[in-house]
Amino acid sequence: MRVTATEWLSPRQLSRRRRTFFSGVFFLTSLAVWFMADLMWRNGMAATDWAPLVLFTILFAQIAVGFMTAVIGFFMLNRGGDRKRIEVTLPPGEDLPLASTAIIMPVFNEDVSRVFEGLRVIYRSVQETKKLEHFDFFILSDSNQPNQWIQEEVAWVELCKQVGGFGRIFYRKRRQQINKKAGNVADFLRRWGKSYRYMVVLDADSIMTGEALVKLVSLMEKNPTTGIIQTAPRLVNGETLYARLQQFANRLYSPIFLAGLNYWQQDEGNYWGHNAIIRVQPFIEHCALPDLPGSEPFGGPILSHDFVEAALMRRAGWAVWLATDIEGTYEEGPPTLIDSAKRDRRWCQGNMQHSWLLLAKGFRPTSRFHLLMGVFAYVSSPLWLLFLMLSTLQAFSLARQPDNPLRSEAFTSLFGYQIEVPEAFTLFVLTMLMLFTPKLMALVRTWQDKDAAEQFGGRSRLLLSALLEMITSALLAPINMLFNSKFVVYTLLGHGVSWVTQRRDAGDEADWREAILTHWPHTLFGAVWAASSYILVPSFFWWASPVMAGMILSIPISIFLSNNSFGRRALGVGLFVTPEESRPPYELRRLTQNLAECYKHLQPLEPLRTDYGLLQAVVDPYVNAVHVSLLRQRKPSEESRDYFHSLRLRLLRDGPSSITVKEKMALLLDAESMIWLHEELWRSPSHALAEWWRLAVRQYNVLTAAPITALYR
Amino acid sequence: MEQSVDSIEVPLSSFRPRTGTMEAWNAAYVRVEDYLRAHRIHNRLHQSRIIQLVLERAARRHEADPSLEPTTLAAQEMDALMDEWFAQVIGANSEVTKDRVAIAGRVALLLSEGPQKWPFSFMDPANVPDDFRKAMQTSSMVAGPNMNVSSMVPREIDLGALSEAAGETLERFEKWPLLRTLALWLVFTGTLAAIFYYTR
């Protein structure tokens, strides 16, 4: 049943918009393919030439999609914005009655201070709208580390005490982490979904203002056929140069892309997994995820759930909108290139799974297109690599021929007219235009508006920042291509990717070890490619040198961009400044201040740090009581009683290093054990306890002299 | 001046353990003190009153059975006294079983901020102000609202003929590791052959 509203655009108008968009993509791709084919045809099209041409067509189409999105977005924004946006349904000042809304934050071993201080800021911000009674807040924990779990519980109690949030801020820890984030959300919906009309899904690093949340609920109320409204979160709080570059690019370039997306997507948008509002009932009815054929990595449970949920919502006839200009919605990006790659590794597997669903029955064509673009976001990397390699081999083989066809006379020809520009150069310029024009359009648009430019640090700094960003992104592109190619291949082979353990306490100092061990294959690949090209075909070497440079310099680039102090220095001189930094919103200011306070707390002694959560749950009478109260009461079997008894004794006599993390989690899940451990620890004479516990009892009172809190780093 | 002379004439409490070593009783003292501090009872005067009461009771039990550790006895007495006090303060709450009274009591104490707001009342049965008692009794920690269970069952999804066929093939491959290895080698040799053909 199709329940989406039709008052927006008539099917004819919508198909006209889509025809414009996809015709543009088709035209640009055809033009580029024509140049490419013509270039290859000069020496006769061999059977082996078809492979690079097909690859080029696929890859160029992807570039053309981005270019057309930006061009249309630029055009729409210059016209004063698209009138067909979900936001325009809510006139300014209109105060609609709201409906019950759950704000859910699924967490998995996150920085507890960041999670709860973020939630505090959101809660306070909603409170200030005077509409708090419509909102409930849920921390849905899947954390499987003892420290994280206990800290979350303590932080939750403290937050509720401090803001009077009992009965409005809830905490739920799952015993079994089935189906990751999608399973976590589904578990929430099964327990409490019926009590709410809407849910707003947040990530652990999301911030949304009360105003934005109220607006989203109002928009949903105003548009009863809408199933999901996805906001466009802005990247904030970046400290390293890498994070600051990403947030600068996101802030400067995204408006035109978002406007372009809204132009052709309309009510068939996508869901990005967080900072979005969802109508609960249709979500429960239609968006439970089926398993895919086969097992992981390709099959099994769907890892990247968001695109699929949007497609299922659309299939059921509910509208999915992208709210392009709702203010007050933020998220944080990965701090380093390697962290970003780690995230991509997870996303890669999830997106590649979507290949199964491309032909699923009942999906809307737009949903299929979203899924396809998701697959291509990763698959395009090995295709680019293959294309580059085939081009290199072709260049090498052509160079070996006595009548070298790589000559300057290969001029561009257009409708039979010979233009005295080398054809390869024309193609190169066309590609560069497609890649950089969107950025230039966004830059020009901001530069023209003096106030907007001021928010980016002023016109000259904006210009310089954008220029540096373009150079850096050009250098990063080949590194990401190699990363993603590896992820795709490993996923296809069913293997995981191993990572170097990062030194987290390095502060401002660069972690050279991690960078070298992660990037040396990139450097080697680039060096071999560059050397062989330079020897065999120097002209090709110079053409491909920007790509090779990124690979060869990957280690220093990664180190340079990961450094906090360079990020601070850039901010100091006004480079890569975003409006959220030049005029920080109240909520972000509060978050920064609160976190600074949290991180001032004294850290536990080094030997106690690893198991501090367990320590608190056993030693501290309050933490123990809170923890036990939150556990479900169970009657253990005789067998499990014996198991737990031996485990408890081992823990007290030999210390926490004598049991595994899994055993610690098992003890923490058993209420009887936790009560027993607390009583027994305080009753046992010192000589009966492990040295670790003796130290714990001696030190604990020093650390808990201040009001109880786990909010330290 | 006269007043202070009078106060000096007041005798100190005559309590001293008759059994056990001084070292063992000092350890018991420290343990009770640590436990009180873990409860955020930082008022020294109040701490010492409780410690003395606990140690007196522990000492009596130690006289009866000197084989027991004073630390253990003191901790047990502390727990017993605390259970008694919690039961008295939070009242006849039918939801709290006897073995969980300390848990419920501590949670109530934490939420009402008893040690900070009423620093002299902890474990003093005769001196529990009404507002403290009320704060303890009314404090509640709700981790989740009442369940409102719904069923969220994945609907069958028709992947289309092509995906279904590919899925079935994949599942068959997974069942036959030999077939999987063979296919992998086929792809590998095919790629090598293509490269050879392309570069020859």
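In the text below, chain A, chain B and the rest are named by the order of the sequence lines, each starting its count at 1.
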Counting N and O atoms only, with roles assigned by atom type, does the side chain of B:Arg155 sit under 3.5 Å from a partner on the main chain of A:Cys287, one being a donor and the other an acceptor?
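No: the side chain of B:Arg155 does not pair with the backbone of A:Cys287.
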A:Trp192 (side chain) donor-acceptor with B:Pro145 (main chain) under 3.5 angstrom
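Side chain of A:Trp192 to backbone of B:Pro145: a pair is present.
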Where do B:Asp34 and A:Arg698 land on the salt bridge (charged side-chain N to carboxylate O under 4.0 Å, His left out) test, with the steps shown first?
CA-CA 8 Å; B:Asp34 279 346; A:Arg698 276 204 307 276; over 6 Å; no
If you define the side chain from C-beta out and look only at heavy atoms, does anything of [X] sit under 4.5 Å from [Y]?
{"X": "A:Leu189", "Y": "B:Ser150", "value": "no"}
{"X": "A:Ser629", "Y": "B:Val107", "value": "yes"}
{"X": "A:Asp187", "Y": "B:Met152", "value": "no"}

Would you please classify the geometry between the B:His39 ring and the A:Tyr622 ring as parallel, tilted or perpendicular, with 30° and 60° separating the classes?
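It falls in the perpendicular class, over 60°.
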How far apart are the closest heavy atoms of B:Arg31 and A:Leu681, and which atoms are they?
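Minimum heavy-atom separation between B:Arg31 and A:Leu681: NH1-O, 3.3 Å.
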Chain B contact via A:His627 - which portion, at a heavy-atom distance below 4.5 Å:
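Neither the backbone nor the side chain of A:His627 comes within 4.5 Å of chain B.
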Please classify the contact of A:Tyr196 with chain B as side chain, backbone, both or neither, using a heavy-atom distance under 4.5 Å.
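Side chain only.
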Can you tell whether the side chains of A:Asp620 and B:Arg40 come within less than 4.0 Å, N to carboxylate O?
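Yes, A:Asp620 and B:Arg40 are salt-bridged.
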Proximal to chain A - members of residues 65-76 of chain B, heavy-atom separation under 4.5 Å:
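Only B:Glu69, B:Thr71, B:Thr72, B:Ala75, B:Gln76 of residues 65-76 of chain B have a heavy atom under 4.5 Å from chain A.
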List for me each residue that meets salt bridge (Lys or Arg N to Asp or Glu O under 4.0 Å) alongside A:Arg174, sequence neighbours excluded, and say none if there are none.
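Partners of A:Arg174 by the salt bridge (Lys or Arg N to Asp or Glu O under 4.0 Å) criterion, ordered by chain and then number, come out as A:Asp142.
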